[in-house]
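To find a chain, count down the sequence lines: A is the first, B the second, and so on, and within it residues start at 1. Because the structure is predicted, anything quoted here is derived from the model rather than measured.
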Amino acid sequence: MNKLILIDGNSIIYRAFFAMPPLTNTKGLHTNAVYGFTNMLLRLIEDHKPTHMMVAFDAGKITFRHEGYQEYKGGREKTPPELSEQFPLLKELLRGLGIAQFELSGYEADDIIGTVSKLAEEADNQVLIVSGDKDMLQLASDRVQIGLTRKGVTEIEAYNPEQIMERYGLTPLQIIDLKGLMGDASDNIPGIPGVGEKTGLKLLHQFGSVEEVLANTHELKGKMKEKIEAHSDDAILSKKLATIFREVPLDKSFDEMVFDGLKEETAGPALAHLEFKSLLERLSFDAKGGVENGDDTPDVPARELEVKIIDEGNINELATVLDKIEVMTAETYGDNPHHAEVVGLAFSSQEAHYFVPFDVLKTEAAEPLRAWLAEPTAPKRGYDLHRVDLALHWHDIPFAGAAFDVQLAAYLLDPTEANQNINELASKYGLAGLASDEIVYGKGAKYKLPDTAVLSEHLAGKNAALLEMIPMQQQELDKNEMNELFHDLEMPLSRILADMEKQGIAVNKDDLMKLGKEFEAQIKTLVDEVYEIAGTEFNLNSPKQLGEILFVKLGLPVVKKTKTGYSTDAEVLEKLAPYHDIVRLILQYRTLAKLQSTYVEGLLKEISPKTGKVHTYYRQTIAATGRLSSQYPNLQNIPIRLEEGRKIRKVFVPSEPDWYILAADYSQIELRVLAHISDDPGLKEAFVHDMDIHTKTAMDVFGVQAEDVDANMRRSAKAVNFGIVYGISDYGLSQNLNITRKEAAKFIDNYFDAFIGVRRYMDDIVKDAKRDGYVTTLLERRRYLPEINASNFNLRSFAERTAMNTPIQGTAADIIKLAMVHMDAALAREKLQSRMLLQVHDELIFEVPESELEIMKKLVPETMEKALKLSVPLKADVSYGLNWYEAK
DNA sequence: TAATTCACG
DNA sequence: ACGTACGTGAATTAC
């Protein structure tokens with residue numbers, strides 16, 4: 001017989017919150033209620049040894065009870081923020097503890113519990129319901145006990161029907177009648193005024209039910225009779241409201257509630273994350289989930305898996321079952337996939353695991369396997385296939401047909417926790433028994449590859465985890481309506497990115513070295529001058545030594561401090577420039593030193609000897625907003641704002657003679673997106689007429705005509721527009737414009753008066769985020785904001801600004817990604833030689849043969865503008881030249 | 001490995 | 001009262 005524990009999550013967390021003294025973790029989040037809740041859970045598990053557990057939560061503010069009675073739960077005190085911020089923490093912890101949690105929009109936790117307990121007792125199981133709410137007593141039966149919290153939260157008093165009879169003289173169902181008569185102030189259930197527990201019990205002992213009481217009021221007298229007769233409707237309504245609904249359409253089975261003990265590998269990290277050290281000790285769990293073993297010898301993975309190790313002789317065993325292969329994992333070595341070693345590949349079907357050492361993959365006998373890898377119609381599922389594609393490419397093994405990338409799916413499901421490796425993902429999905437990479441390989445300097453037997457089994461373990469994970473992720477993608485985003489945008493994009501990266505962009509090495517020589521000479525002069533003025537030689541790159549010179553030796557005023565000492569950043573130096581000639585020189589030095597080390601030397605190091613190009617690596621799972629990031633080298637931050645730096649762009653050239661670099665960038669994409677999602681009439685009109693948006697903003701904020709907008713007004717308006725996109729704060733704007741906070745606040749207020757739709761958007765999106773715990777882009781990309789209800793001002797404000805910014809930045813990212821997918825298709829469809837090379841957030845860069853210049857000048861901006869239909873037009877400007885500098 | 005600085009959108 | 005603008009990556013110093 002099974003033993004189920006069903007917990008009323010909302011009720012218990014409330015109790016715990018008020019019962020426990022305040023407690024915060026090092027990040028400033030309150031954790032006392034979660035702590036109390038956890039203590040109670042551990043106690044329950046120890047005392048009752050349940051086979052199944054489930055925590056139910058209320059979902060949404062409006063429930064079916066509001067249909068008949070809109071004032072239900074009206075007038076209730078707002079949940080204190082110190083408590084609301086703990087809900088996401090609790091839910092995350094429950095996942096780590098392996099305890100199921102249910103919620104269903106429109107129903108309360110007690111309805112879910114009522115429904116599950118009904119099913120459970122019908123199936124002959126034992127049930128313990130845990131709550132702080134006496135209403136639950138109505139669910140008691142010979143199979144269902146009700147545990148009510150006493151005083152604190154860890155003490156629980158269990159009731160069965162006999163004990164309820166002893167205590168109240170009522171059957172469980174009569175508890176509903178009692179509440180019908182008494183009402184409940186906290187839920188705003190009226191009941192009959194003047195009837196409390198005592199009178200209610202007396203009436204029920206006499207008549208048995210609310211209906212009988214009302215039918216027999218003639219047997220009563222005095223004030224009591226009047227009140228009951230006057231409020232008979234209230235009593236009926238109250239009884240209805242107090243009745244737990246036991247037919248909730250829950251699409252859940254008991255299997256989903258199975259609890260087979262706390263697993264150290266998931267519970268440990270979850271408890272450690274909350275900084276519950278005492279609980280970790282009590283359970284003697286390790287914060288890392290018990291994966292540390294203290295010595296260097298690799299552990300044998302927990303799962304015993306049989307792996308067929310493939311060699312030239314037995315490769316047919318794999319070749320004949322390729323159509324059954326469901327997942328693959330490639331073991332690569334090295335951070336930069338363009339230079340990564342490939343150690344071997346593991347393939348798994350539902351029946352068997354295979355490991356192919358890389359040397360074997362290169363043999364003639366492996367041709368069928370290589371053909372399968374290269375075949376676009378043969379679907380590949382795995383983790384970070386983009387990296388696999390690149391690594392194989394540089395070893396001359398083509399790869400195609402990526403159909404499901406677990407890393408990418410994880411990124412969409414939670415972009416802030418995406419760079420989880422397979423092990424972390426596996427524990428997230430409750431799949432145990434995977435040895436961690438650290439154990440198998442050792443970490444840091446001790447990193448070394450284990451022998452084939454250990455490695456192949458480890459990879460097979462990963463494959464086994466992937467096999468189980470993929471359907472779970474697919475289900476979650478379905479639930480979040482992210483199928484299109486995943487299958488039609490991000491998956492195709494990952495192949496396009498790989499193509500761009502393999503193509504690379506040519507760099508004129510000689511010119512770059514010449515530029516480096518020029519910088520070197522200028523830097524030398526500047527350094528000498530600085531030493532001369534300072535009267536001593538020191539390390540100009542050291543903020544510490546520089547601070548010493550500026551603020552101690554030269555006695556300049558300290559403008560700003562950092563954690564470790566004086567700040568010497570550009571903003572500070574600008575302020576100091578009037579005081580001393582040395583400061584200008586230092587600023588110039590900084591500019592040139594940056595260009596030299598990052599862009600000349602850095603770029604030179606990245607030029608491939610093989611291709612004479614740089615091949616960046618776009619990362620698709622880093623930025624929380626949905627943007628790409630670029631590494632080895634980063635080609636998304638090549639200088640442009642200052643002329644000295646902009647010259648760097650001259651060395652980026654077409655890779656073929658008589659070709660051109662063509663660049664197209666979206667004009668004001670983020671503000672256009674804002675106009676669309678805020679539906680602000682003024683902003684929309686500005687873009688429909690393609691006005692200069694900063695001038696238009698200045699006109700509306702300052703209340704002047706276009707011709708009266710001076711440069712300063714436009715500059716301020718531009719800063720306000722930036723601020724709006726970033727999630728505005730008066731403080732941030734005041735810093736940016738170097739004005740007082742009051743003046744900045746005034747600007748913002750004027751802006752919101754002029755663009756009321758934008759104000760409404762900002763208010764609504766923050767409200768939505770507080771309600772849902774996440775925000776989304778137009779294409780349903782999602783970002784969770786667990787700190788949106790934090791009581792810590794800084795944490796909460798940051799989350800609020802993120803809530804405002806992410807749908808804007810993220811939708812812009814969606815749009816250019818769409819444009820890239822469409823552009824890739826267009827180049828193929830039109831059979832063009834032109835190649836897409838780079839993406840820089842709102843800009844696409846191509847290399848184009850002269851013969852295709854005319855068509856590309858039209859096709860690129862057109863494709864970009866049509867990527868997604870908004871309520872305002874999108875605009876893209878195009879230009880071209882002999883190098884990236886000229887394409888401006 | 002963390003902190004600081006600075007390049008980009 | 002609180003004290004930050006949103007999102008990245010790379011180079012460098014200092015611990």
Would you mind reading off the distance between [X] atom [atom1] and [N] atom [atom2], rounded to a whole angstrom?
X	N	atom1	atom2	value
A:Met864	B:dG9	CE	P	14 Å
A:Asn634	B:dA7	CG	C1'	8 Å
A:Phe652	B:dC8	CZ	P	13 Å
A:Glu843	B:dA7	CD	P	18 Å
A:Tyr885	B:dC8	OH	C1'	17 Å
A:His841	B:dA7	NE2	C1'	11 Å
A:Tyr599	B:dC8	OH	P	6 Å
A:Ile808	B:dG9	CD1	P	18 Å

For [X], answer base if it contacts any base atom (sugar-phosphate contacts may also be present), sugar-phosphate if it contacts only those atoms, and nothing otherwise; contact means non-hydrogen atoms under 4.0 Å.
X	answer
A:Ala593	nothing
A:Ser797	nothing
A:Thr806	nothing
A:Asn539	sugar-phosphate
A:Ala813	nothing
A:Leu628	nothing
A:Asn736	base
A:Arg741	base
A:Gly723	base
A:Val725	nothing
A:Tyr731	base
A:Ala719	base
A:Gln809	base

Is there a side-chain contact between [X] and [Y] in this structure, where contact means two heavy atoms from C-beta onward sitting under 4.5 Å apart?
X	Y	result
A:Lys560	A:Thr568	no
A:Glu501	A:Tyr618	yes
A:Val840	A:Asp665	no

(message) Please report the distance separating the P of B:dT5 from the corresponding atom of C:dC2, rounded so that it comes out in whole Å.
(response)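 B:dT5 and C:dC2 have their P atoms separated by 25 Å.
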
(request) Take atom P in B:dC6 and the same atom in C:dA5, then report the distance between them in whole Å. (result)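 Looking at atom P only, B:dC6 and C:dA5 are 15 Å apart.
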
Phosphate OP1/OP2 of [N]: any [X] side-chain N/O under 4.0 Å:
X	N	result
A:Arg641	B:dC8	yes
A:Thr564	B:dA2	no
A:Arg627	B:dG9	no

(message) Within a 6.0 Å radius of atom NZ on A:Lys509, are there more than 12 heavy atoms belonging to other residues, nucleotides or ligands?
(response)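 No - once you tally the heavy atoms of other residues, nucleotides and ligands closer than 6.0 Å, there are 12 at most.
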
(request) Dot-bracket notation for DNA chain C is requested: 5' to 3', Watson-Crick or G-U wobble pairs only, both distances under 3.5 Å, with ( ), [ ], | and . as defined. (result) .....|||||||||.

(request) Shoot me the first and last contacting nucleotide of DNA chain C against chain A, ordered 5' to 3', at under 4.0 angstrom to non-hydrogen atoms. (result)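 Range of nucleotides within reach of chain A: C:dC2 to C:dC15.
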
(message) Quick one about A:Thr616 and A:Ser630 (side-chain donor to acceptor, distance below 3.5 Å, no hydrogens or angles considered), yes or no?
(response)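 Yes.
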
(message) In this structure, is the centre-to-centre distance between the rings of A:Phe755 and A:Tyr751 below 6.0 Å?
(response)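 They qualify: ring centres under 6.0 Å apart.
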
(request) Anything under 30° is parallel, anything over 60° is perpendicular, the rest tilted; go ahead and classify A:Tyr774 against A:Tyr784. (result)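 Answer is perpendicular, since the angle exceeds 60°.
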
